[in-house]
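Sequential numbering from 1 along the given sequence is applied to the chain's residues.
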Amino acid sequence: MNKLIKVAEKTYYISGPFHIGVYELDTISYTGKKEVCLIDSGVDKIVAKVVDELLMENGFTVKFIINTHYHADHCGGNNYFKEKYDCKIYSNKFNASLISNFDIAPAVIWGATPIREVLNNYFYATPTPAEDIENFNLPDGFEIVSLPGHCIDMIGVRTPDNVLFLGDAVISKETIENHPLTYIYEIGEHLKTLEKLKNIKASLYVPYHAEPVKKIKPLCDVNIQGIHQNIEDIKRICKEPRSIDEVISIFFNEKGFKLSMYKYAVEGGIVKTYITYLYNEGQMLATNENNFIKWQTR
Ligand SMILES: [Zn+2]
């Protein structure tokens with residue numbers, strides 16, 4: 001059961017797998033209802049409808065949406081709200097352009113038009129016109145916090161009553177234990193963001209897929225630890241020269257996971273992200289063995 005949970009004077013979030021933020025604005029719509037802004041919008045129109053019912057029960061109407069980033073589980077509900085409320089949609093410049101032109105998003109995963117297994121709700125959302133939040137006069141007290149790494153230029157949103165919505169900057173301990181290869185676009189940037197986040201003050205932190213916390217440092221440390229574990233595993237696997245597909249195979253076999261085409265596209269890409277980081281950091285060498293590019297830990 002999804003619920004609208006009040007966490008500060010005017011800030012709420014929706015419980016369930018997607019922690020959508022709701023902030024009660026000071027304005028009233030022409031229909032006489034209290035206007036709110038949403039922070040992210042759910043994975044699809046089914047989730048959006050459930051959220052909308054909770055909003056209607058409370059007499060709320062949506063004025064605008066801020067998306068923390070372009071991933072479809074964060075902006076897949078945009079189209080529902082846009083059609084119903086004609087609300088504006090904002091993100092920063094980079095993410096706004098991808099939310100507006102969604103075909104680029106699945107291609108980021110695969111490097112070309114992706115295999116069909118990737119074209120699901122998590123990787124493809126109906127494109128909705130989104131604008132650069134820089135050009136919008138946000139109500140007083142809102143703050144946009146830069147949290148890059150999970151994807152290029154991800155943002156967090158602080159509401160005027162000091163609740164910080166984190167997008168996917170941190171995930172839960174359980175997720176890290178059960179799915180160690182969670183999506184990260186750039187490991188080095190993400191590690192810097194996690195270190196920075198430890199010192200960002202807020203009265204409550206709301207990750208999109210993990211329970212809200214009053215103290216963020218322990219969760220940042222769990223996330224950093226999970227990344228370092230993956231780095232150690234991949235460095236160990238690459239003590240001998242390995243192709244990317246060999247690394248994926250050994251990593252999955254060691255953990256007892258089965259590789260589906262979907263996981264090959266998504267989590268295989270994450271293995272590539274780690275190898276890219278280690279190579280660019282000078283911790284790994286690439287050699288050409290009979291036209292197989294092989295990666296070896298220095
Ligand atoms: Zn994401």
Query raised in the report: Out of curiosity, L164 CG to I216 CD1, how far, rounded to the nearest 0.5 Å?
Result: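 These two atoms lie 8.0 Å from each other.
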
Query raised in the report: Looking at OH of Y279 and CZ of R298, how far apart are the two atoms once the value is rounded to the nearest 0.5 Å?
Result: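 So the gap between those two atoms works out to 9.0 Å.
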
Report task. Look at the rings of H150 and H190 and say which category their plane angle falls in: under 30° parallel, 30 to 60° tilted, over 60° perpendicular. Result ->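 Answer is tilted, since the angle falls between 30° and 60°.
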
Query raised in the report: Going by the angle between their ring planes, with limits at 30° and 60°, are F136 and Y90 parallel, tilted or perpendicular?
Result: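 Correct class here is parallel.
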
Query raised in the report: Do L194 and V206 share a hydrophobic cluster, counting only Ile, Leu, Val, Met, Phe, Trp and Tyr and linking them when any side-chain heavy atoms are less than 4.5 Å apart?
Result: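 L194 and V206: separate clusters.
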
Requested in this report: Establish, for the pair K255 and F251, whether the NZ or CZ atom is under 6.0 angstrom from the six-membered ring centre and no further than 45 degrees off its axis.
Outcome: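 The answer is yes; both the distance and angle limits are met.
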
Query raised in the report: Looking at the rings of H69 and F94, which for Trp means the six-membered one, are their centres under 6.0 Å apart?
Result: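 That pair fails the under 6.0 Å test.
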
**Report entry** Centroid-centroid distance, H19 to Y208, less than 6.0 Å
**Finding:**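 They do not qualify: ring centres at least 6.0 Å apart.
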
Report task. Mind running side chain to side chain contact (heavy atoms under 4.5 Å, CB included) on T11 and F165 for me, showing each step along the way? Result -> CA-CA 10 Å; T11 304; F165 287 87; 3.6 Å; yes

Query raised in the report: Does the pair S91 and I155 meet the rule for a side chain to side chain contact (heavy atoms under 4.5 Å, CB included), with working shown?
Result: CA-CA 8 Å; S91 193; I155 55 172; 4.1 Å; yes

For [X], does the [atom1] atom sit with more than 12 other heavy atoms under 6.0 Å from it, leaving out its own atoms?
{"X": "K93", "atom1": "NZ", "answer": "no"}
{"X": "Y185", "atom1": "OH", "answer": "no"}
{"X": "E9", "atom1": "CD", "answer": "no"}

Requested in this report: Salt-bridge test for K294 and E246: reply yes if a basic N is under 4.0 Å from a carboxylate O, no otherwise.
Outcome: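 A salt bridge links K294 with E246.
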
